Amino acid sequence: MLHCPVCKKEGLVVLEFDDIEIDYCLTCKGIWLDAGEMDLMIGNAEQAKQILESFESVSAKSINEKERPCPICDKKMEKIVIHTVEDQIVDRCRDGHGIWFDHGELHSILDNAKKDGEASAIVSFLKDILERDLQK
Amino acid sequence: MLLFVLILLGLIVGAVVIVVGMYNGLVVLRNRVKNSWSQIDVQLKRRHDLIPNLVSTVKGYATHEKETLENVTMARAQAMNANAGKDVKNIGAAESELSGSLAKLLMTVENYPDLKANENFMALQEELTSTENKIAFSRQAYNDDVMFYNNKIEVFPSNFIATSFNFKASEFFEIENKEEKIVPEVKF
Amino acid sequence: MWELIAQNRRKSIIILIAMLMILVVLGGLIGAYISYPDGWIYGVPGAILIWLIMALVAYNAGDKIILNVSHATQVSKDMYPRLYNIVEEMKIAASLPHMPEIYIMNDSAMNAFATGVKPERSAIVVTAGLIENLSRDELQGVIAHEMGHIINRDVAFMTFAGVLMGSINIISHTFLRAIFFTSVSRRGKLGGKMGKSNPMLFLFTLVFTIIAPILASLFYFAISRKREYLADATAARLTRYPEGLASALEKITSTAGDVAYYNKITAPMFIINPLYSRDLTSGSSTVNFSTHPPTHERIRILRTLHGKGHVSMREYQSVYANHRKGDSSLIPDSGLKDNTPTSIRQPFAGDTQSHKKTLREVGDLLMAANGFYFLPCSCGLNIKVPPEMEKKHIQCPRCGTALTVPSIGSQQNFSQNQMSQLGAIVGAVAGGTATAATTALNTGPLSFTKKSADRWETFTCSCGSPIQLSPLFKARQIRCKSCRKKITINYPE
């Protein structure tokens with residue numbers, strides 16, 4: 001069982017839709033997006049890797065956010081910036097295992113994301129799978 | 001005199017032991033042939049059981065393949081008939097026919113992508129492929145056993161035992177692989 | 001085939017005796033050194049005793065230990081029919097009287113191994129990565145290769161040789177460590193006696209202790225490499241499709257990065273549990289004796305064989321001899337006579353399933369084996385809950401529906417079942433009273449209706465234990481594993 005990086009003791013449940021899985025915390029509603037699943041969404045491992053690596057990292061101290069452990073390897077994740085209409089800071093595993101989105105973060109990214117970006121496949125998928133969750 | 005009787009007795013006992021040994025050896029071989037036949041039989045029956053399911057699944061998608069489907073159903077009925085008769089040669093012929101019509105059916109499936117993606121069909125195809133493989137592999141084992149047994153019946157001295165106790169040669173099981181002969185028709 | 005096993009056995013026994021000699025000499029020398037000059041009387045039986053205990057453990061529980069260590073879960077036919085079918089096909093092709101058990105290991109690296117000292121009690125273990133990435137023909141090739149190890153009795157030999165090697169390793173390691181510590185402190189009993197007793201003996205013992213493990217490994221690998229080729233030959237003959245194994249090996253080597261990780265696991269396992277475990281890619285070595293695994297050579301031989309259009313042991317032998325500069329000692333002559341060449345079969349054409357789907361299938365299988373609860377929602381979302389999770393009520397994040405793990409026999413579910421069963425009961429006891437219907441319900445058979453035909457589903461039995469239904473489970477009835485109650489399964493239209 002993977003543990004939620006925010007709620008620590010809580011486990012993540014697996015949500016599967018259209019043969020793609022994401023991990024979801026029932027308590028804080030955060031999302032873990034595994035690198036392998038990103039490959040499947042985009043359909044090309046090289047491209048998925050490029051997208052995952054394209055985000056620039058910022059130091060955790062400068063933005064005053066707590067560092068969180070990667071659910072896979074338990075090492076501290078780095079903070080990265082995702083540029084949408086507003087910049088959003090999320091956590092990425094340094095070993096490339098995946099990305100963690102807090103509930104609010106994902107919300108804002110999905111609302112502001114450009115419709116034609118390379119990651120649009122991911123955005124529309126996440127919007128679809130979390131339809132109800134995001135309305136609240 | 002006593003010595004002569006003893007020697008005679010010894011010879012008789014020795015002969016009996018040899019005959020019994022050879023007889024038992026033949027029985028063991030015959031049972032082995034029977035046993036490996038039953039292995040094939042299980043797989044043939046399994047194939048017969050799978051076909052109605054396959055036909056009904058394909059029917060739902062491939063509406064233009066009535067003739068091909070009918071051929072498969074007919075070939076299955078014939079194979080089941082032959083199977084009841086226990087004649088290995090007949091069974092082989094009927095099963096070859098069935099293999100051929102099945103191969104044709106699976107080839108037409110190529111034209112129906114929806115059918116190919118159907119989960120039920122994929123499960124059936126896996127089972128069918130595996131059953132075909134099992135038939136092929138158990139046929140090899142059966143034919144090896146038959147060859148060994150038939151040889152024993154024909155060679156000296158066990159051929160005497162075989163003729164006096166009515167051991168009959170077994171039939172090889174041949175399935176002609178029509179699949180390999182069919183050349184896909186290309187239409188423009 | 002039988003000649004092959006007999007020849008293997010003769011060679012094996014020679015090797016085993018040679019390794020046993022090393023063990024005995026090692027025990028004797030150490031014994032003599034510790035208590036000069038008669039200590040060998042205790043040393044020799046001591047070493048043999050260590051070996052016997054380890055061999056006994058390996059023989060009786062070895063397969064169980066290795067399966068536990070590798071966290072492998074057993075799979076049945078309705079959990080993963082393709083894998084089961086392939087193993088069964090190879091079992092038939094090899095005329096093996098017993099079906100080996102099948103295990104899947106939760107590891108994304110591609111690998112496989114066989115365990116079990118006796119063919120009647122054998123098991124084949126494959127990693128999840130292997131079934132996710134290989135086609136049917138490739139998987140068949142790998143399974144046939146493992147089956148080759150089982151029928152050629154390689155597993156038994158490797159286990160015992162491995163145990164011997166392990167014993168030699170343990171003894172020499174312990175001794176060297178003891179020497180090291182005592183000579184550093186210069187106070188211990190061993191160090192004290194060293195100077196007085198016999199410096200020549202000490203030197204000799206020391207040298208032998210250092211080279212014994214190396215010698216044992218050399219013996220061990222001298223024969224195991226050939227066994228790989230032999231298993232390849234067997235696989236080609238069993239599948240009648242050498243290309244399958246060849247392209248599987250190619251795929252496996254191309255992901256060599258993962259294999260390094262795998263080696264790290266097996267290498268210590270090998271010393272602690274000296275059981276037969278073999279790395280498919282590096283031929284047979286888990287110790288760095290062979291720096292260049294002959295995989296490319298194995299692939300070349302298989303491909304050449306495939307090009308010939310028909311396979312037999314003799315054919316493999318001649319191709320092998322060509323590639324290995326005339327080395328024709330792989331298979332004994334009599335092993336070549338009794339099989340006639342058979343033509344290469346057609347490749348399997350049904351690999352239409354997408355990679356994504358296969359990944360999910362194997363993933364679900366492993367989750368099911370680990371006790372995850374499957375909660376399919378009617379909106380199409382599948383929720384998979386780890387068993388440690390306390391929450392049994394979940395709101396679907398997609399459509400908002402409240403979901404729980406259904407349990408049969410519970411109050412709430414009865415009302416649902418009632419709807420479906422009532423019709424039947426009313427029909428049967430036309431005009432019967434309501435009380436008659438209720439008693440019929442309470443004593444009547446338990447039933448569960450699946451929500452969808454092609455997904456995993458979980459429900460809890462009236463005894464409280466969870467039951468997993470695989471999408472491939474199509475039977476009308478299932479028996480609860482803990483309370484043995486029969487439960488009827490209904491399917492949606």
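Note on naming: letters A, B, ... go to the chains in the order of the sequence lines (proteins, then strands), and numbering restarts at 1 for each one. The model shown is predicted, which means the values in this text are computed figures rather than measured ones.
One distance of note links CD of Glu89(C) with NZ of Lys134(B); it measures 6.0 Å at 0.5 Å rounding. Interatomic distance, CG of Leu238(C) versus CD of Gln140(B), reported as 9.0 Å (0.5 Å rounding). Atom-to-atom distance recorded for Asn85(C):CG and Thr129(B):OG1 is 9.0 Å, nearest 0.5 angstrom. Between the CG atom of Asp145(B) and the OG atom of Ser95(C) there is a distance of 7.5 Å, given to the nearest 0.5 Å. Atom OH of Tyr84(C) and atom CD of Glu126(B) lie 13.0 Å apart (nearest 0.5 Å).
Within 6.0 Å of CZ on Phe148(B) lie no more than 12 heavy atoms contributed by other residues, nucleotides or ligands. Lys152(B) NZ: 12 or fewer foreign heavy atoms inside a 6.0 Å radius. No more than 12 heavy atoms of other residues, nucleotides or ligands shown are found within 6.0 angstrom of CD on Glu67(B). Taking a 6.0 Å sphere around NZ of Lys89(B), one finds it holds 12 or fewer heavy atoms contributed by other residues, nucleotides or ligands.
The residues Arg82(C) and Glu127(B) are annotated as not salt-bridged, no charged nitrogen and carboxylate oxygen being separated by less than 4.0 angstrom.
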* To do: Please lay out, stage by stage, how Lys91(C) and Phe137(B) fare under the test side chain to side chain contact (heavy atoms under 4.5 Å, CB included).
  => CA-CA 9 Å; Lys91(C) 174 224 155 205; Phe137(B) 293 136; over 6 Å; no

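Side-chain N/O atoms of Glu88(C) and Ser130(B) include no donor and acceptor closer than 3.5 Å.
Between Arg136(C) and Asn133(B) there is a side-chain heavy-atom pair separated by less than 4.5 Å.
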